[in-house]
Protein chains: 2
Amino acid sequence: MNTTIKEIARKANVSLGTVDRVIHDRGKVAKKTKDKILKILEETGYKPNIYARGLVLNKSYTIAALIPDYNKGDYWELPSLGLNSAAQHLSQYNIKLEYFHFDQNNPDCFKEKSHVLLRSNPDGVIIAPVVNFEASYLCKKLNHLKIPFSFIDSKMEETEYMSFIGQDSFQSGKLAAKLINSLVYEKGKILIISIRNNSEFNKTLQKRIEGFNYFFEELDSAQKLEIEEFSIDQNISNWDKELKEILKSRNASGVYVPSSTVYHVARIIEDSQLKIKLVGNDLIKKNIQYIASGIIDYVIGQRPEQQGYLAFDNFYKYLITGQKVTRDNYLPLDIVTKENLYYYK
Amino acid sequence: MNTTIKEIARKANVSLGTVDRVIHDRGKVAKKTKDKILKILEETGYKPNIYARGLVLNKSYTIAALIPDYNKGDYWELPSLGLNSAAQHLSQYNIKLEYFHFDQNNPDCFKEKSHVLLRSNPDGVIIAPVVNFEASYLCKKLNHLKIPFSFIDSKMEETEYMSFIGQDSFQSGKLAAKLINSLVYEKGKILIISIRNNSEFNKTLQKRIEGFNYFFEELDSAQKLEIEEFSIDQNISNWDKELKEILKSRNASGVYVPSSTVYHVARIIEDSQLKIKLVGNDLIKKNIQYIASGIIDYVIGQRPEQQGYLAFDNFYKYLITGQKVTRDNYLPLDIVTKENLYYYK
DNA sequence: ACATATAATGTGCACGTACACATTGATATA
DNA sequence: TATATCAATGTGTACGTGCACATTATATGT
């Protein structure tokens, strides 16, 4: 049983109200009395009862999530699942989640949604900063309004974010390289194929490729494999044919796709019965079937659901329980393959 | 703002007490009234206010953990870390953790500690059932006393446990086989070396080995590798020499140690500068250095800290928030290697 | 019809906190 | 001396729930 305000008051020979004023530093207490009460608080290690506190405050918090729009089976569905799950678990604490979806290909859309978001006056904001410049503006605004915000997936160093939840892209690429290397085993050529669905410069992709190349640069030159890099834009017609052409003509032993769109390559490998080892990212539905059948050899997961869950949970911790929040949260790089696929789903 | 019992009562034209009886299924309510109230509860999606609930109950719960004794750096330190972390996070909810450590090699010790545990009259029990027969007796007792209990690490199917948190040992072995297979790549011999620190039959070890063998049985006979099995008892003097002898004489390309004691093999490989690929289990401190240096190629992790955290958290959920608890919780089989080691630590 | 048992329903209190409001005591001013 | 001022302290209420206890309605037996 913890000490209560009542006990403190009895020990100090004052009323509940006086203790209350000291605890909340509301003033109107004689210095002598205040010191006496503070001392007793210290000695007894008083901690407010969170139930009574929660009951009497009974505030309703709203967390806004500024996340890319998605179709079923896309990557961004997964962080949303985690966000939803956390929101549901914590709904009894009167903390709610509100989405503001934007089109990844349209920076204006991000800007517009930012404004709508700000007008809703949330108690916290979760941002997926895929559109850098506009996000920077939003962060400044939030900072000014003293609304705490978190990044998910990737972060913007120069802002005063409360927390970041994501992965280390460079290391992800390095790990992919190691896996490919163990698969093709000293013979053959390797392709890096980026399949982008927007024309923008993408930090995450870039860093993964850097990490991938770094791994091979560090190897003995004897073990080095030939690497070729390709970039395909899904907005261009016939991108599918082009991809097929590359896969068939280059006589590659292994392919690395540094994004969740690796299933496109898997489909072609399956259809054309090519003998190519394949490594990609993310455990999305469209990839799962190819992992199960062994066409995708390895996928590197980044626990997107957990990312979503943590992002929301951090606001609960911060706003409701008043706990400190870890600022940078790097989640493990999960290696997923046929044999351990089941327990990651 | 969520609906309250008061509102439900007003809508149903009854008193608070009647609604309360329906919610807690305490009987003494006319069927007609009960149905009416149930319908309203359903419609409004009533959820009890956790603060008010906690305030009025304000019980102090004690969870007992019956876990093997350990030295620093041993496997069982890790679930304890998770348990402690959960206990600390949830301390404000008046739920405490009390350990009862036993000696793995001494079934009598388990029995004795079981009795001490029962006398402490806990509100929930977490059991690591490494001593099967004695655990069975304890479970029956707990069942009779209506004290809920959970298993961690491995489970006993025939008991009425509240939840289990652990891994799929068979699949763990299968995954290890796949990794070894990709490492030695169609040439050479593979050894399975069990290093036991107690003389007892160990279910987990057995199942991992079964899974390991199963993987190779399923391969085309052309790709099959020669496999030899060894078992070493650490209680026998000179076990270290024997191990060294095996590693040096058998001309193996790969070794699988189906437990956390893989670091013993790693040490010998390092000292004797052998060229043997090595796969084992668990991310304990003694293994980490060998993963970092690449002597252990892969380790399969089972998130022991998370196991501990979940085990405790499940009791919080069950006893305090009244939520339903998932009965079987299989954690992912993490593949840990030099390149992704950092983010698993 | 009446007493009595029992089923059904209602009432009141406690939990610990936050905050609005009320009261007390001391000092200064007319 | 009476009164206004203001600092210091005290009191009361609400939050929503769980449970003990009180009350009312209905059925049963004589």
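Below, read A as the first sequence line, B as the second, and so on, with proteins coming before strands; counting in each chain starts at 1.
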Residue Val56(A), side-chain heavy atoms: nucleotide from dG18(D), dA14(D), dC19(C) that is nearest: dA14(D)

Contact nearer the 5' end of DNA chain C, comparing Arg53(A) with Lys6(A): Lys6(A)

Atom-to-atom span, CD1 of Ile50(A) to C1' of dC15(C) - whole angstrom: 14 Å

Any ion pair linking Asp35(A) and Lys39(A) (charged N to carboxylate O, less than 4.0 Å)? no

Rounded to whole Å, please give me the gap between CD1 in Ile5(B) and C1' in dC15(D). 13 Å

Give each protein N/O atom lying under 3.5 Å from an N/O atom of nucleotides 4-11 of chain C, with the pair distance.
| residue | atom | partner | partner atom | Å |
| --- | --- | --- | --- | --- |
| dT9(C) | OP1 | Thr33(B) | OG1 | 2.7 |
| dT9(C) | OP2 | Ala30(B) | N | 2.9 |
| dT9(C) | OP2 | Thr33(B) | OG1 | 3.4 |
| dG10(C) | OP2 | Ser15(B) | N | 2.5 |
| dG10(C) | OP2 | Ser15(B) | OG | 3.0 |
| dG10(C) | OP2 | Thr18(B) | OG1 | 3.0 |
| dG10(C) | O5' | Ser15(B) | OG | 3.4 |
| dG10(C) | N7 | Arg21(B) | NH2 | 3.0 |
| dG10(C) | O6 | Arg21(B) | NH1 | 3.0 |

Considering only heavy side-chain atoms of Arg26(B), the closest of dA18(C), dC19(D), dT17(D) is dC19(D)

Looking at every strand, decide which applies to Asp20(B) at a 4.0 Å heavy-atom threshold: base, sugar-phosphate, or nothing. base

Between the side chains of Lys96(B) and Asp123(B), is the shortest nitrogen-to-carboxylate-oxygen separation below 4.0 Å, so that they form an ion pair? no

Length of the line joining Leu57(B):CG and dC19(D):P, which is rounded to integer Å: 6 Å

List for me each residue that meets side chain to side chain donor-acceptor pair (under 3.5 Å) alongside Asp103(A), sequence neighbours excluded, and say none if there are none. none

Among Tyr51(A), Tyr316(A), Tyr61(A), Phe312(A), find the one that has a ring-ring contact (aromatic ring centres under 6.0 Å, His included) with Tyr93(A). Tyr316(A)

Among dC19(D), dT17(D), dT17(C), which nucleotide has an atom closest to any side-chain atom of Thr4(B)? dT17(D)

Sugar-phosphate only, base, or nothing, as touched by Leu55(A) at under 4.0 Å among non-hydrogen atoms: base

How many Å lie between CD1 on Ile8(A) and P on dA18(C), as a whole number? 13 Å

Assess whether atom NZ of Lys47(B) is packed by more than 12 heavy atoms of other residues, nucleotides or ligands within 6.0 Å. yes

Please examine the side chains of Asp153(B) and Tyr75(B), heavy atoms only from C-beta on, and report whether any two atoms are closer than 4.5 Å. yes

